[in-house]
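For reference, the structure discussed in these notes is given below.
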Amino acid sequence: MISTQNWADTRRLWEYHQMGHTPRPCSVAIGLGSHDLGVADTAAELYERGMAPLIVFTGATSPTTRERMPRGEAVHYRERALELGVPSSAILVEPRARNTGDNIRFSRELLVEAGVDVSSVLLISKPYEERRAYATARKLWPEVEIISASSPMTLNEYVDSVGDARMVIDMLVGALQRLLVYPEQGYLISQPVPGDVIEAYERLCRSGFTSRLLTTEAPSA
């Protein structure tokens, strides 16, 4: 049973995880691999709006994407973007990354190899990963401006799209924990976390939404 308080706390985490940036033209768009093809949809839509002349899709596979995206997350994202009308010449694929840190490092290396001059990045992620992606990119690529973006969805719409409310809450809780502990491990920049967000996170943990929590020191971001 997911209580009214659980939902209120989840909405507070959802709001905090989003950066609230307004998309604007950038040197490149980078779509972070995951189970969510909505990242590719958003990248294609922003490309069509002239927000970036080039898209990098980055991601290998993970236990949650291996069956759905057997050719790799970045490859499936590329195929989706092509279906939506993005020309092949405007897409680069980075197929090795297995975590957010890899996404940023390997995409940066790919762009250097391609001779692309980057001063700003439109960083596209799942809605609840905006802040973590931003904090990781600011740590690993501090000299460029980072603009966060994701599919413009409400929490209810996202839950409906996933089809598993408990899993979504678990993911939001896990993402918040990483924002709290990863700065000390050098994976991302530290950001202020309001007290009411901490309280919401702690209540959700006590309510058992803990399947995505780190139980040991994580090897990578």
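When reading the values below, keep in mind they use all heavy atoms of this one structure, side chains included, and skip hydrogens, waters and symmetry mates. Quick caveat: nothing in here was measured; it's all calculated off a predicted structure.
Contact annotation: the side chain of Glu202 never approaches that of Leu176 to less than 4.5 Å [non-hydrogen atoms, C-beta and beyond]. You'll find the side chain of Phe57 stays beyond 4.5 Å of the side chain of Ser107, heavy atoms only. Under the 4.5 Å side-chain criterion, counting only non-hydrogen atoms from C-beta, Ile55 is not in contact with Tyr77. By the 4.5 Å heavy-atom criterion applied to side chains, Val159 and Trp7 are counted as neighbours.
A salt bridge links Arg49 with Glu45; the closest basic N to acidic carboxylate O contact falls under 4.0 Å. Under a 4.0 Å N-O distance rule, the pair Asp196/Arg12 qualifies as a salt bridge. Salt bridge status for Glu143 with Arg108: present, with a side-chain N to carboxylate O gap under 4.0 Å. The existence of a salt bridge linking Arg203 and Asp9 is confirmed by a sub-4.0 Å separation between a basic side-chain nitrogen and an acidic carboxylate oxygen. Salt bridge Glu145/Arg138: absent, no basic N to carboxylate O contact under 4.0 Å.
Of all heavy-atom pairs spanning Pro23 and Leu46, the tightest one is CB-CD2, 4.0 Å. Scanning all heavy atoms of the two residues, the minimum distance from Leu180 to Val193 falls at CD2-CG2, 3.8 Å. Taking both residues in full, the closest heavy atoms of Glu157 and Thr154 are given as OE1-N, 2.9 Å, listed atom of the first, atom of the second, then distance. For the residue pair Gly38 and Asp36, the shortest heavy atom distance occurs at N-OD1, 2.7 Å. Contact detail for Ala29 and Ala52: the closest heavy-atom pair is N-CB, 3.6 Å. Taking each heavy atom of Ser207 and Asn6 in turn, the nearest pair found is OG-ND2, 3.2 Å.
Leu84 and Leu82 sit in two unconnected hydrophobic clusters of ILVMFWY residues. Membership requires side-chain heavy atoms under 4.5 Å apart, directly or through other members. Hydrophobic clustering (side-chain heavy atoms under 4.5 Å, transitive across Ile, Leu, Val, Met, Phe, Trp, Tyr) groups Leu204 together with Val162.
How far OH of Tyr182 is from OG of Ser190: 15.0 Å, rounded to the nearest 0.5 Å. Rounding to the nearest 0.5 Å places CD1 of Ile124 at 11.0 Å from CE of Met51. Separating the CD atom in Glu73 from the NE2 atom in His35 is a distance of 9.5 Å, to the nearest 0.5 Å. Expressed to the nearest 0.5 Å, how far OG1 of Thr10 lies from CG of Leu13 amounts to 7.0 Å. With rounding to the nearest 0.5 angstrom, the CD1 atom of Ile147 is 11.0 Å from the CD atom of Glu130. Residue Ser120 holds its OG atom at 5.0 Å from CZ of Arg24, rounded to the nearest 0.5 Å.
Classified by interplanar angle (parallel below 30°, tilted 30° to 60°, perpendicular above 60°), the ring pair Tyr158/Trp14 is tilted.
Around CG of Asp117, the count of heavy atoms belonging to other residues, nucleotides or ligands within 6.0 Å does not exceed 12. Counting non-hydrogen atoms of other residues, nucleotides and ligands closer than 6.0 Å to CZ of Arg212 gives a total of 12 or fewer.
Checked options His76, Arg71, Arg98; the residue passing with Thr61 is Arg98 (criterion: side-chain contact (heavy atoms from CB on, under 4.5 Å)). Tested against Arg132 for a side-chain contact (heavy atoms from CB on, under 4.5 Å), the candidates His17, Gln191, Arg178 yield a single pass: Arg178.
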Open item on the list: Please determine whether side-chain hydrogen bond (donor to acceptor under 3.5 Å, both in side chains) holds for the pair Glu94 and Thr58, giving the CA-CA distance in whole Å, both sets of side-chain angles, and the decisive distance to 0.1 Å.
Closed with: CA-CA 5 Å; Glu94 186 296 295; Thr58 168; 2.6 Å; yes
- [ ] Would you check, one step at a time, whether the test side-chain contact (heavy atoms from CB on, under 4.5 Å) holds for Val168 with Met171?
- [x] CA-CA 5 Å; Val168 170; Met171 291 190 296; 4.2 Å; yes
TODO: Carefully, step by step, assess Lys126 and Ser151 under the rule side-chain contact (heavy atoms from CB on, under 4.5 Å).
DONE: CA-CA 7 Å; Lys126 301 186 293 295; Ser151 300; over 6 Å; no
- [ ] Show your reasoning for whether side-chain contact (heavy atoms from CB on, under 4.5 Å) applies to Arg78 and Ser88.
- [x] CA-CA 8 Å; Arg78 176 182 182 274; Ser88 177; 2.8 Å; yes
Task: Verdict with reasoning, Val181 to Tyr187, per side-chain contact (heavy atoms from CB on, under 4.5 Å) - done: CA-CA 9 Å; Val181 304; Tyr187 297 138; over 6 Å; no
Task: side-chain hydrogen bond (donor to acceptor under 3.5 Å, both in side chains) between Gln18 and Arg131, worked out - done: CA-CA 6 Å; Gln18 296 185 11; Arg131 187 172 292 276; over 6 Å; no
TODO: Take Ser125 and Ser150 through the test side-chain hydrogen bond (donor to acceptor under 3.5 Å, both in side chains) and record every step on the way to the result.
DONE: CA-CA 5 Å; Ser125 65; Ser150 64; 5.6 Å; no
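Connectivity analysis of hydrophobic side chains (ILVMFWY, heavy atoms under 4.5 Å, direct or indirect) links Ile104 to Met19, Val28, Ile30, Leu32, Leu54, Val56, Leu92, Leu110, Leu111, Val116, Val118, Val121, Leu123, Tyr134, Leu140, Trp141, Val144, Ile146, Ile189.
Seen from the ring of Phe106, Arg96 counts as a face-on cation partner, given the 6.0 Å and 45° thresholds.
Between Thr100 and Thr136, the side chains place no donor N or O within less than 3.5 Å of an acceptor N or O (distance only, hydrogens not considered).
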